[in-house]
Amino acid sequence: MTVRTRFAPSPTGYLHIGGVRTALFNWLFSRRHGGQFLLRVDDTDQQRNVEAALAPILHGFRWLGLDWDEGPEAGGPYGPYYQSQRGELYQAAVNQLLAQGAAYRDYATAAELQSEREAAQAAGRQFTYSRRWMAETPREAERFEAQGRQGVVRLKMPRDGELALDDLIRGEVRFAWASEQDHVIQRADGSCLYHLASVVDDEAMKITHVIRAEEHLPNTPRQVFIAQSLGYAVPAYAHLPYVAEPGSKTKLSKRKLDKYLKNRDFTALVDRGGRIAARLGLETTADTFNPVIVDFYEQIGFLPDALLNYLLLLGWSFDGEREEFSRPEMVQHFSLERVNRAPASFDPQKLLAFQDRAMQRLPLAEKAARCLALLQRAGLAGEPPGEEAQRLLADVLAAAGDRVKLAGDILDYEEFFVDDQSFPYDAAAVAKRISGPAAARDLLRRYAAELAGIEPFTAAALETHLKEFVERRGVKLGDIVHALRVAVTGKAVGFGLFDALAILGRSRCERRIGRALAL
RNA sequence: GGCCCCGUCGUCUAGCGGCCUAGGACACCGGCCUUUCACGCCGGUAACACGGGUUCGAUUCCCGUCGGGGUCACCA
């Protein structure tokens with residue numbers, strides 16, 4: 001039997017980080033077993049603009065490199081892959097359920113149901129529908145309809161016995177059938193609901209393993225009931241613990257950004273992204289720019305592999321020691337047996353650590369390609385970039401080394417990519433390193449005068465020269481290094497000063513020092 | 001509240017009866033390196049929720065308590 005897993009997003013307009021982890025585990029499991037991974041759109045509630053709401057989700061999958069064998073755009077032998085287009089299949093299933101007595105037409109009104117519920121609650125009993133408005137024959141149905149009632153189709157759940165479910169992650173889980181409700185599977189207008197559709201599609205699409213978030217665990221009995229009633233082979237279930245809020249065990253939610261911002265690590269991540277977004281002129285509303293949404297990471301220059309590696313470790317472990325996995329290694333080692341049962345809270349710091357290490361391993365050329373895209377978005381490089389810009393980028397990247405942790409961090413070095421007259425000077429840095437120290441301006445002036453004689457104009461030669469310069473003048477290296485850095489970059493921090501000087505070149509250095517002197 | 005799930009350092013986790021004076025990673029705190037920042041290196045603080053069993057021996061097995069969470073729709 002070929003392993004087939006699926007991820008069934010509802011077209012909501014964004015890809016939730018927890019959803020990505022669920023998708024990743026599905027993808028990994030299918031790849032591990034040489035099977036297929038499919039995407040199916042759960043749009044049973046018929047939103048108007050499914051395509052538009054689906055686009056960001058597919059975009060996210062593509063960015064992450066989680067390819068799907070069947071689904072939207074990919075097609076496949078079991079399509080269509082949109083539930084809104086599979087109505088006949090659901091109708092047939094409903095008819096079969098009805099014919100077998102596993103479902104019934106029900107004519108209760110919302111108010112009637114409500115009063116039964118309240119009565120049960122008042123009596124301290126668990127609510128179980130009386131089935132008073134159940135129509136088991138066409139004649140009964142006609143009678144109710146004559147009263148102007150609208151019929152829905154409900155599942156006729158067993159009222160005794162129990163279901164022992166063998167979950168691949170949780171082991172055996174038992175549910176008493178009596179505590180299940182007669183859920184509606186088809187509305188009065190004929191449209192079908194998620195649970196029915198999901199079970200019918202999983203069967204039709206030959207899904208062998210349903211790997212999904214824990215919140216679906218309580219839904220499982222009714223799905224098993226539908227599957228069994230229809231004579232389907234029940235798929236294997238694996239319920240993943242959900243991704244929790246930072247520092248809490250509550251499910252991570254897109255809507256609670258304000259709350260998460262009280263968490264220091266989360267705030268650090270948002271601020272980090274915000275700085276980059278500001279330079280890119282991106283909108284930063286919680287709807288689009290939010291670490292709970294995958295787009296956030298793409299926009300500020302995360303590496304997909306780093307995000308995935310982090311997410312992999314959120315609930316799964318190899319041996320407790322090893323944490324770094326390349327894409328093929330993930331596929332090779334993944335197993336459901338090593339998925340943890342407890343929810344795991346999202347830790348922005350650790351994510352950043354994975355990103356940091358992944359970036360350090362990245363060959364310079366690839367790093368440059370990723371940074372270039374951000375530079376272009378910020379308008380600091382042309383499309384295509386000139387040869388000069390590419391050389392500059394490579395030099396800056398080589399000099400910056402580990403400091404560029406996100407592709408967007410390249411924007412911290414924007415001063416190298418702009419005109420000598422345009423880059424800004426940090427006022428505090430100027431005050432501390434140039435205006436403050438009495439000798440700073442004089443040293444800068446004397447140094448600038450010697451620039452013309454430094455040959456070759458390389459980092460090594462510049463260093464030798466500056467050391468000799470400070471010795472000659474009887475000052476310490478620190479007396480001029482800081483002033484010089486501020487003079488040529490506008491900032492108090494940055495990579496090696498000699499690299500900066502060499503990258504800029506002689507004439508740009510002269511111009512910049514001249515500008516700083518006039519400040 | 002009913003049903004279900006879960007419970008090892010702040011966080012992610014290893015541990016499937018003795019190897020545990022509980023290991024790794026991130027974070028944190030010190031120190032080193034150093035022209036700033038970052039990296040790197042060295043060291044440190046820090047956890048088995050609690051109570052009963054079972055056993056020669058429990059972090060590991062069982063029960064209970066407590067705690068946390070999920071779910072209870074004509075949403076998905």
Side-chain angles (χ1 to χ4, degrees), chain A residues 8-12 42-45 83 106 108 110 113 117 120-121 124-127 150-154 165 167 169-170 173-176 178-181 183-189 191-195 197-198 213-221 239 241-242 244 246-251 263-265 268 310 313-324 338 340-354 356 360 400-405 409 412 429 433 463 466-467 470 476-486 489 491-498:
Chain A
S10 167
T12 51
D42 274 10
D43 56 349
T44 47
D45 62 344
Q83 294 192 325
D106 182 64
L113 244 22
R117 265 203 190 88
Q121 195 173 5
R125 268 193 348 257
Q126 192 199 315
F127 167 69
Q150 298 237 296
V152 298
V153 176
R154 286 182 185 278
L165 186 75
D167 189 278
I169 291 171
R170 270 143 229 287
V173 183
R174 294 172 167 278
F175 298 90
S179 57
E180 292 297 317
Q181 298 299 327
H183 304 280
V184 172
I185 52 174
Q186 185 175 39
R187 300 183 180 94
D189 68 2
S191 62
C192 288
L193 273 68
Y194 167 76
H195 294 290
S198 179
E214 185 188 343
E215 65 215 56
H216 286 287
L217 190 51
N219 299 154
T220 311
H239 287 94
Y242 49 84
S248 150
K249 292 294 179 200
T250 308
K251 197 166 68 172
N263 174 289
R264 174 235 222 175
D265 298 339
Y310 171 70
L313 272 289
L314 208 53
W316 178 85
S317 66
F318 179 63
D319 59 3
E321 303 275 318
R322 182 170 166 193
E323 297 199 327
E324 307 273 338
R338 292 199 63 89
N340 212 59
R341 283 194 288 269
S345 59
F346 179 76
D347 181 355
Q349 294 268 34
K350 187 141 183 169
L351 202 210
L352 245 12
F354 274 94
D356 192 358
Q360 285 184 23
D402 302 332
R403 293 170 183 81
V404 176
K405 299 173 195 292
D409 286 344
D412 283 342
R433 301 300 191 182
E463 180 166 5
L466 192 72
K467 286 192 169 144
V470 296
K476 291 195 298 263
L477 194 62
D479 293 337
I480 183 164
V481 161
H482 301 293
L484 208 42
R485 184 196 311 286
V486 173
T489 68
K491 296 169 183 169
V493 299
F495 50 73
L497 173 67
F498 304 112

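Every chain is numbered from 1, with letters handed out A, B, ... down the list of sequences.
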For [N], what is the paired nucleotide under Watson-Crick or G-U wobble rules, both distances under 3.5 Å?
N      : answer
C72(B) : G1(B)
C26(B) : G10(B)
G18(B) : C56(B)
C32(B) : G40(B)
A49(B) : U65(B)

* **side chain to side chain contact (heavy atoms under 4.5 Å, CB included) partners for S345(A), two or more places apart** =>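 Per chain and number, S345(A) pairs via side chain to side chain contact (heavy atoms under 4.5 Å, CB included) with A244(A).
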
Integer-rounded Å distance: [N] [atom2] and [X] [atom1]:
X       : N      : atom1 : atom2 : value
H183(A) : C75(B) : NE2   : P     : 13 Å
E214(A) : C72(B) : CD    : C1'   : 15 Å
L477(A) : U35(B) : CG    : P     : 7 Å
F175(A) : G70(B) : CZ    : C1'   : 11 Å
Q181(A) : U71(B) : CD    : P     : 17 Å
F127(A) : C72(B) : CZ    : P     : 15 Å
N340(A) : C5(B)  : CG    : C1'   : 13 Å
K249(A) : A49(B) : NZ    : C1'   : 13 Å

side-chain N/O [X] vs [N] OP1/OP2, d < 4.0 Å:
X       : N      : value
N263(A) : G10(B) : no
R338(A) : G15(B) : yes
R341(A) : U8(B)  : no
S317(A) : A14(B) : yes
S345(A) : C12(B) : yes

* For RNA chain B, whose closest nucleotide is more 5', that of L497(A) or that of P241(A)? ->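 Closest to the 5' end, via its nearest nucleotide, is P241(A).
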
* Structure fact -> 5'-most contact on RNA chain B (nearest-nucleotide basis), I169(A) vs G320(A), goes to I169(A)

By the 4.0 Å heavy-atom rule, please label [X] as base, sugar-phosphate, or nothing.
X       : answer
K251(A) : sugar-phosphate
R485(A) : base
Y310(A) : nothing
H239(A) : nothing
E323(A) : base
R174(A) : sugar-phosphate

Side chain to side chain donor-acceptor pair (under 3.5 Å) partners for [X], two or more places apart:
X       : result
D479(A) : none
R338(A) : S317(A)
R154(A) : D106(A)
N219(A) : H216(A)

* To do: Could you pull out the closest heavy-atom pair between V481(A) and L497(A), with the gap in Å?
  =>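 Closest approach of V481(A) to L497(A): O-CD2, 3.8 Å.
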
* Asked: Y310(A) and D347(A): which non-hydrogen atoms are nearest, and at how many Å?
  -> OH-N, 2.7 Å

[N] to [M] separation - [atom1] atoms, rounded to the nearest Å:
N      : M      : atom1 : answer
C48(B) : G67(B) : C1'   : 16 Å
U34(B) : A22(B) : C1'   : 38 Å
C28(B) : C39(B) : P     : 10 Å
C41(B) : G24(B) : P     : 15 Å
A27(B) : A47(B) : C1'   : 15 Å
A46(B) : G23(B) : P     : 12 Å
U71(B) : A76(B) : P     : 15 Å
U60(B) : C20(B) : C1'   : 11 Å

* Would you check if L352(A) and D265(A) make a side-chain contact, meaning some heavy-atom pair closer than 4.5 Å? => no

* To do: Apply side chain to side chain contact (heavy atoms under 4.5 Å, CB included) to the pair T220(A) and H239(A), showing each step before the final yes or no.
  => CA-CA 10 Å; T220(A) 311; H239(A) 287 94; 3.3 Å; yes

What nucleotide among [options] has an atom nearest to a side-chain atom of [X]?
X       : options                : answer
E321(A) : G24(B), U71(B), U35(B) : G24(B)
R117(A) : U35(B), A73(B), G24(B) : A73(B)
V152(A) : C12(B), C74(B), C3(B)  : C74(B)
D347(A) : G10(B), U35(B), G23(B) : G10(B)

* Asked: Going by modelled atom types, is there a donor-acceptor pair between the base of A76(B) and the side chain of N219(A) at under 3.5 Å?
  ->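 Such a pair is found, so the answer is yes.
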
* Does any N or O donor sit under 3.5 Å from an N or O acceptor when you compare the side chain of Q126(A) with the base of G1(B)? -> no

* Structure fact -> Going 5' to 3' through nucleotides 37-45 of chain B and flagging B where a protein heavy-atom sits under 4.0 Å of the base, S where only the sugar-phosphate is that close, and - otherwise, we get BBS------

* Asked: Do you see a donor-acceptor pair shorter than 3.5 Å between the side chains of R485(A) and T489(A)?
  -> no

* To do: Could you check whether H195(A) and the base of A76(B) form a stacked pair, meaning centres closer than 5.5 Å and planes differing by less than 30°?
  => no

* To do: Check the pair I169(A), R341(A) against side chain to side chain contact (heavy atoms under 4.5 Å, CB included), reporting the backbone distance first and the verdict last.
  => CA-CA 7 Å; I169(A) 291 171; R341(A) 283 194 288 269; 4.0 Å; yes

